[in-house]
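From a predicted model like this one, the values you see are computed outputs, not experimental measurements. Positions are given from 1, in the same order as the sequence printed here.
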Amino acid sequence: MFPELRRDVAFPVVGTLVLFALLVGGGLLYSALQDGAASDKLVTSMFIDAIMVIGIQIYIGNTGVFSFGHVGFGAIAGYTFALFAIAPAAKATRIAEAPFGLADVSTGPVTATVIAVGVTLVIAVIVGIGLARSGARSGAVAATVITLALLFVAHEVARSWVAVTGGDRAGLTFGIGDTLGSRMPIYLVLLATILVARLFAQSRSGRFAHAAREDDLAARAMGINPTVQQTVALLVSVVVVAVAASLRVYEVGSILPGLFFFNYTLLTLVMLVVGGRNSVSGALLGVAVITAARELARRLGSEGYEAFGVGLDGVPLDWIFREGLPRVVLGLAMVGFMIWRPNGLIDDWELDGWLRNRLRRADPRPTTRLEAAPKTRTELVATDVIVDFGGFRALDGADMVAASDEIVGLIGPNGAGKTTLVNVMTGMVEPSTGKVRLGEKDLTRAPSHEIARAGLVRTFQNLRLFSSLTVRENVEISWLVASRHRPASAVPGIDEIVDAAGLWEHRDRRASELDYGNSRRLELARAAALGPTFLLLDEPTSGMSDEESLEMITQVRHMASVVGAGVLVIDHDLNFITGICDRIYCLDQGAVIASGTPDEVQADAQVRAAYLGSMGPT
C-alpha cells in the first residue's frame with residue numbers, strides 16, 4: 001500500500017502533527033486575544049471548515065476532477081445525522097408525520113454519524129458510477145456538471161420533502177443543551193482527517209491518482225485504471241465530508257436547506273483554491289487565510305469601517321464596506337486565483353515533504369550496472385487490421401509479426417497508418433476488424449491499461465509525462481504497476497532504472513523542468529520500468545539532432561535489454577531505423593507494402609516510390 005514506509009508514513013505522521021498544532025494553536029491564540037463568544041464560534045467553525053475542505057481536497061487534489069457537489073454530499077449526511085441524533089420530542093413539533101418511523105428514532109451522536117456516513121457512501125457509489133460512465137478525468141466538464149447537479153438535487157429535496165427535513169422554514173433543531181458541548185471531537189476528527197488525507201496521497205492508490213491527474217492517457221498506457229483511483233478517492237473523500245457535515249450540524253444545533261448549498265460550496269472551494277488544491281498543507285493554509293479575510297471583511301462591512309481597532313471613519317467608502325462584503329471577497333478571491341494563480345499559494349508543496357528533503361541524506365548512486373535480462377520468445381501479431389474513421393480508411397488489412405528478441409521498425413509516408421496501428425495494438429483505437437495477439441493472449445478489444453499490464457507498453461509521438469511529478473516519481477509509477485502485475489524478475493529497481501537511463505543527476509527534478517532530450521529518456525525509462533514484453537516507441541528521435549539520434553539508438557537497445565523486451569519502433573529517421581532494427585515493415589495507405597531486413601526494405605521499389613520521397617512527421 002505504501003511504497004516506502006519512511007517517506008510515505010513516518011514523515012506524513014510528523015507533518016500531520018505539526019500542521020494540526022499550527023492550525024489549532026493559531027485558532028486558540030486568536031480566541032485568547034479577542035476573548036469573546038463570537039471569536040470562539042469563529043475558531044470552531046474554522047476547524048470544522050478545515051475538515052470539510054480537506055475532505056474535498058482528497059478528491060479534487062488527487063484526481064484533478066473539479067467537483068461542485070461535495071457540499072451536496074454534506075447536505076445528505078447532515079440531514080441523516082439530524083434525523084437520527086435529534087430527540088423524538090424535538091422532532092414531534094416539526095416532522096411528526098415523517099415516514100419510516102423516523103420521528104421516533106433516537107440514537108447517540110456517534111451512531112448517528114456512522115449512519116450518516118453509510119447513507120452518504122451509498123449515494124457516492126451511485127454518483128461514482130455516473131462519473132465513471134461519463135469518462136470523468138482532470139478538466140472534464142461532465143464531472144463538474146454531474147456533481148453540480150447533485151448539489152441542486154440535494155437542496156431541492158431538502159426544501160420540498162418537508163415531512164422529513166422540515167423544509168425551508170422549520171428545518172430540524174436540537175433541543176437546548178443537546179448540541180456539541182466540547183471541541184474535543186472536532187480536534188480528534190481534524191487530526192484524523194489530516195492524517196488520512198496525507199496517507200492517501202502517499203499510498204499506491206493516491207500516486208496512481210496523481211498520474212491520472214497529470215495525464216489520463218499516459219496513465220492508462222502505463223497500466224493504471226483511472227476510474228478505480230477516482231472512485232477510491234471519491235469514497236474516502238465522502239467519508240470525511242460526511243463526518244464534517246455531521247459536526248457542523250451538531251455544532252450549529254439546527255439544519256436548514258441553505259446550510260449546505262451554494263454559499264458554503266463557494267466558501268469551501270475558495271479556501272481550497274486559494275491555498276492550493278493539490279496539497280493538504282495548501283488546503284489548511286487556504287482555510288486560515290480565507291477565514292481571516294472574511295472576518296476582516298465582516299468587520300469592515302458592519303462595524304463602521306473599523307476592524308481590530310483600526311478606524312476608517314470619514315473615508316467615503318460606504319459603497320464598498322457593506323454587509324455583503326464577505327461574499328464579494330470570496331468571489332474576487334475565486335476569480336483572481338483562478339486567473340492569476342490557479343495552483344494556489346503553495347501549489348502541491350507539503351510540509352512533511354519539505355521536512356524530509358531538509359533532513360534526508362543524499363541517496364547513494366546504484367553501484368551495480370544492470371545486465372541484460374533473459375528473454376523468452378513471445379510474438380506480437382497483428383492480423384488483417386482494418387480501421388475506419390468515418391469515410392476514411394486508416395488501416396486496410398495491415399499484418400505484422402514481431403518477436404520479443406528483436407527490434408522491428410515501422411516506416412511509411414505521412415498518413416500511412418503507422419501510429420494508428422500502434423494505437424490499435426495498445427487499445428487506444430478499436431479496429432473495425434482484425435486481431436491483435438501477444439503470445440497466446442488476445443488483446444484486440446482489451447482496455448489500454450490491461451494491455452499495458454499484459455506487457456505491451458508504449459511511448460508517444462508527442463511527449464506525455466507526468467509533468468508535476470519528479471523524474472524518480474514518474475519511473476516509480478510504472479514500477480508500482482509492474483510490482484503487482486508483471487513478473488518480479490522483469491522489473492529492476494527504481495533507482496537502477498533511473499541511473500541506467502542517464503537521469504540520476506535529474507532524479508529529484510520535476511518532469512516539466514527537463515530539456516527535450518532528457519524528457520525522451522525519461523519517457524523510455526518510465527515505459528521500461530513496467531517490465532514489458534514489448535516496448536512500442538512512437539518516433540523516439542522526433543526533434544533530435546543526428547548526434548542525439550545516435551545516442552538514442554544506444555539508449556533504446558540498453559533499456560530494452562535490461563528488461564528483456566522486444567521493440568517495435570516508428571521513426572522517420574532512416575539512419576536511426578536502419579541502425580537499430582533487425583527487421584522493418586513499410587506501410588502505405590494503411591497496408592503493408594514491404595517487410596524484411598533494412599537493406600531489403602530500402603532496396604524495394606515500392607518503398608522508394610511511396611516513402612523515400614515523402615519524408616516528414618506522421
Donor-acceptor pair, Arg510 side chain versus Ser468 backbone, under 3.5 Å? yes

Cationic N near anionic O, under 4.0 Å, Arg365 to Glu505: yes

Have Thr444 and Asp442 got a donor and an acceptor in their side chains that come within less than 3.5 Å? yes

Minimum heavy-atom separation for Met559 to Ala525, with atom names? CE-CA, 4.0 Å

Tell me whether Thr541 contacts the main-chain N or O of Met544 through its side chain, where contact means a donor paired with an acceptor under 3.5 Å. no

Are Phe466 and His210 close enough that their ring centres sit under 6.0 Å apart? no

Strictly distance-based, threshold 3.5 Å: is any side-chain N or O of Arg277 a donor or acceptor partner for the main-chain N or O of Pro342? yes

Under 3.5 Å: donor-acceptor pair, side chain of Arg207, backbone of Gln202: yes

Less than 4.0 angstrom from a charged side-chain N to a carboxylate O is my criterion; do Asp216 and Arg220 meet it? yes

Between the side chains of Ser237 and His70, does any donor sit under 3.5 Å from an acceptor? yes

Arg472 and salt bridge (charged side-chain N to carboxylate O under 4.0 Å, His left out): which single residue from Asp499, Asp495, Asp363, Asp508 fits? Asp495

More than 12 foreign heavy atoms under 6.0 Å from CZ of Arg484: is that the case here? no

So, for Ile584 and Val601, which heavy atoms are closest and what is the spacing to 0.1 Å? O-CG2, 3.5 Å

With no hydrogens and no angle check, is any side-chain donor or acceptor of Glu523 less than 3.5 Å from a backbone partner on Arg520? no

Quick one: salt bridge (Lys or Arg N to Asp or Glu O under 4.0 Å) partners of Glu450, sequence neighbours excluded? none

Among side-chain atoms of Asp538 and Thr419, is any donor-acceptor pair under 3.5 angstrom? yes

Can we say Arg377 and Glu379 salt-bridge, meaning some charged N sits less than 4.0 Å from an Asp/Glu carboxylate O? yes

Check whether any side-chain heavy atom of Pro447 sits under 4.5 Å from a side-chain heavy atom of Asn225, and report yes or no. no

Hey, is the main chain of Val401 close enough, under 3.5 Å, to the side chain of Arg583 for a donor-acceptor pair? yes

Side chain of Arg557, backbone of Thr554: donor and acceptor closer than 3.5 Å? no

Counting N and O atoms only, with roles assigned by atom type, does the side chain of Arg453 sit under 3.5 Å from a partner on the main chain of Arg486, one being a donor and the other an acceptor? no

Side-chain H-bond candidate by donor/acceptor type, Ser467 with Glu214, under 3.5 Å: no

Any donor-acceptor pair under 3.5 Å linking the side chain of Lys441 with the backbone of Ala454? no

Using only heavy-atom distances, determine whether the side chains of Asn518 and Arg509 contain a donor-acceptor pair under 3.5 Å. no

Give a yes or no answer on whether the side chain of Asp347 reaches the backbone of Trp349 with a donor-acceptor pair at less than 3.5 Å. no

If we check salt bridge (charged side-chain N to carboxylate O under 4.0 Å, His left out) with Arg7, which of these qualifies: Glu473, Glu350, Glu476? Glu476

Contact check, side chains of Lys435 and Leu443, non-hydrogen atoms, under 4.5 Å: no

Can you list the residues that meet the ring-ring contact (aromatic ring centres under 6.0 Å, His included) rule with Phe68, with sequence neighbours excluded? Phe66

Quick one: do Val556 and Val569 satisfy side-chain contact (heavy atoms from CB on, under 4.5 Å)? Show the steps, please. CA-CA 10 Å; Val556 169; Val569 57; over 6 Å; no

